[in-house]
Number of protein chains: 2
Amino acid sequence: MSHCHTYLKKLRDHGYRITPQREIIIQIIAHCGKHMSAEEVMELVREKSSSINIATVYRTLDMMVENGLASKFDSGNGKTAYATGKHGPHIHLVCKHCGSVTKVSENDISAFLEKIEDLYDFDCHPYHFSINGLCSDCRHSESN
Amino acid sequence: MSHCHTYLKKLRDHGYRITPQREIIIQIIAHCGKHMSAEEVMELVREKSSSINIATVYRTLDMMVENGLASKFDSGNGKTAYATGKHGPHIHLVCKHCGSVTKVSENDISAFLEKIEDLYDFDCHPYHFSINGLCSDCRHSESN
DNA sequence: TTCCTTGTTGCAAACATTCTCAATAAAGGA
DNA sequence: TCCTTTATTGAGAATGTTTGCAACAAGGAA
């Protein structure tokens, strides 16, 4: 199930104009089952329309993020990743040394995020962020 | 108190060479009391040496991050921020809509990070990351 | 339906960051 | 001290992302 129309309605309600470019971009990221870079979105956009500019892709994705319809995060490969909220909350533990990624289960983080929301009146949903540190392999192989 | 010499020793122990460029860059970020962008580090570098390249600044800062001596995070203004571990752990709640930043107290996050370290054998220290969401002002002013 | 206002787009330039590669120099051994 | 190995540097090109601006077009008003 796609939230595509929900997203468009919410944007319209916020006073944004619905353009053909935005419809195409939102449809792509809403239907895609994974997070994507702006360039990956752009490739799918080209299959549907030949004249949408990469700047419009960036602007539309960032607009979604600012309005809570998507999240962006550092994917670690030099490109920013975008995803809609339907992927659910998750935290990535990214090793600063080897780059390996461990996914924190939803159960482990829910209590923390609820506490944040209670204490700070801050709506964390959707959330998708990374914590940097050292994985056990890299830590155990250190000289000191 | 600066951890400058501790940082240099740790890098030497890890097999890195200590160059004049690295000494200057590490001294700057170790003595600075706040997080800085690469360009801000570069400005201070220029006061001490006229011939260090910005690429070397980026490389040195990233080397510190990869070895657990500093952390990097998205400051929200289009530039990446770097900080040494001495600032202690903190989480920033960044509003996706208005960009306002709320700092989570150390007490509130320590239990969470300890749990992460226990469950995933992942050393989070030093840590400095952001959670994106909607602050109460922006959420309450929404139309639905 | 037509007009008007103003948000949005495409383009190109600007900016932030990373990469390539030849020249340089740190660190250890002789 | 000098030599050798090889990590590191500077310079500039390449890449990823943002911004400025004139032309365009969505959506409401008439």
Side-chain angles (χ1 to χ4, degrees), chain A residues 7-26 28-29 35-43 45-46 48-67 70-82 96 99 132 143, chain B residues 7-26 29 35-43 45-46 48-67 70-82 96-97 99 132 143:
Chain A
Y7 295 155
L8 290 171
K9 181 185 184 315
K10 190 158 188 174
L11 292 174
R12 186 179 279 117
D13 290 346
H14 281 217
Y16 293 97
R17 293 181 183 172
I18 306 306
T19 65
Q21 292 91 333
R22 286 179 175 169
E23 283 187 309
I24 289 172
I25 294 164
I26 290 172
I28 285 170
I29 193 168
H35 51 75
M36 309 173 81
S37 68
E39 187 57 47
E40 287 170 332
V41 173
M42 188 68 217
E43 283 172 23
V45 164
R46 284 197 194 94
K48 300 200 174 194
S49 170
S50 57
S51 62
I52 299 182
N53 193 274
I54 186 75
T56 299
V57 172
Y58 277 108
R59 283 187 285 231
T60 300
L61 293 174
D62 285 337
M63 177 187 64
M64 294 184 75
V65 171
E66 282 167 18
N67 288 276
S71 53
K72 67 191 273 192
F73 56 96
D74 181 6
S75 67
N77 66 356
K79 298 176 186 174
T80 302
Y82 294 83
K96 290 180 288 200
N132 298 304
S143 51
Chain B
Y7 295 155
L8 290 171
K9 182 185 182 315
K10 189 157 187 175
L11 291 175
R12 186 178 279 117
D13 291 346
H14 280 217
Y16 293 98
R17 294 179 183 173
I18 306 306
T19 65
Q21 291 92 333
R22 286 178 174 171
E23 283 187 309
I24 289 172
I25 294 164
I26 290 172
I29 194 169
H35 51 76
M36 310 173 79
S37 68
E39 188 56 47
E40 287 171 330
V41 173
M42 189 69 217
E43 284 172 22
V45 164
R46 284 197 194 93
K48 300 199 175 197
S49 171
S50 57
S51 62
I52 298 183
N53 192 276
I54 186 75
T56 300
V57 172
Y58 277 107
R59 283 187 284 231
T60 301
L61 292 173
D62 285 337
M63 177 187 64
M64 294 183 74
V65 172
E66 282 168 16
N67 288 275
S71 53
K72 67 190 275 190
F73 56 97
D74 182 5
S75 67
N77 66 355
K79 298 175 186 174
T80 301
Y82 294 84
K96 289 178 289 198
H97 194 68
N132 298 304
S143 52

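Letters go in sequence order (proteins before strands), and every chain restarts at 1.
Put simply, NZ on A:K79 is 17 Å from C1' on D:dT18, counting in whole angstrom units. Counting to the nearest Å, the P atom of D:dT8 and the NE2 atom of B:H14 are 13 Å from each other. At whole-Å resolution of the value, NZ in A:K72 and C1' in D:dG16 are 11 Å apart.
First and last contacts of DNA chain C with chain A, using any nucleotide atom under 4.0 Å from a protein heavy atom and ordered 5' to 3', fall at C:dT5 to C:dC11.
One finds a side-chain N or O of A:T80 lying less than 4.0 angstrom from the OP1 or OP2 phosphate oxygen of D:dT17.
Here the straight-line distance linking atom CZ of B:R22 with atom CE of B:M63 works out to 4.0 Å at 0.5 Å rounding. The structure places CG of A:L61 at 7.5 Å from CE of A:M64, a figure rounded to the nearest 0.5 Å. Interatomic distance, NE2 of A:H14 versus CD of A:E66, reported as 12.0 Å (0.5 Å rounding). Interatomic distance, CD1 of A:I54 versus CD of A:E39, reported as 5.0 Å (0.5 Å rounding). A:Y82 contributes atom OH, which lies 12.5 Å from atom CE of A:M36 (distance to the nearest 0.5 angstrom). Here the NE2-OG1 distance, from A:H35 to A:T80, works out to 12.5 Å after rounding to the nearest 0.5 Å.
Counting heavy atoms from C-beta on, the side chains of A:N67 and A:Y16 come closer than 4.5 Å. With contacts defined as side-chain heavy-atom distances shorter than 4.5 Å, the pair B:K72/B:D62 qualifies. Side-chain contact between B:L11 and B:I26 is present, with at least one heavy-atom pair separated by less than 4.5 Å.
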If the sugar-phosphate is the primed atoms plus P, OP1 and OP2 and the base is the rest, what is the B/S/- string for nucleotides 21-30 of chain D, using protein heavy atoms under 4.0 Å?
----BBS---
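Residue B:I54 is out of contact with every strand shown, counting any heavy-atom pair closer than 4.0 Å. As judged by a 4.0 angstrom heavy-atom cut-off over every strand, B:S51 is placed among residues touching the sugar-phosphate backbone only. Within 4.0 Å (heavy atoms only), A:Q21 reaches sugar-phosphate atoms of the nucleic acid but no base atom.
In terms of heavy-atom proximity, B:L8 sits nearest to B:I18 at O-CD1, 3.7 Å. The minimum heavy-atom distance between A:N53 and A:M42, with the atom names listed, is C-SD, 4.2 Å.
Residues B:G15 and B:N77 both approach DNA chain D. Their nearest nucleotides, taken by heavy-atom distance, put B:G15 toward the 5′ side. In terms of position on DNA chain C, the residue among B:Y58 and A:R22 whose nearest nucleotide sits closer to the 5' end is A:R22. Comparing A:T56 and B:A81 along DNA chain C, the residue whose closest nucleotide (by nearest heavy atom) sits nearer the 5' end is A:T56.
With the end axes of the helix from C:dT1-D:dA30 to C:dA30-D:dT1 each set by five pairs, the angle from one to the other reads 30° at 10° resolution.
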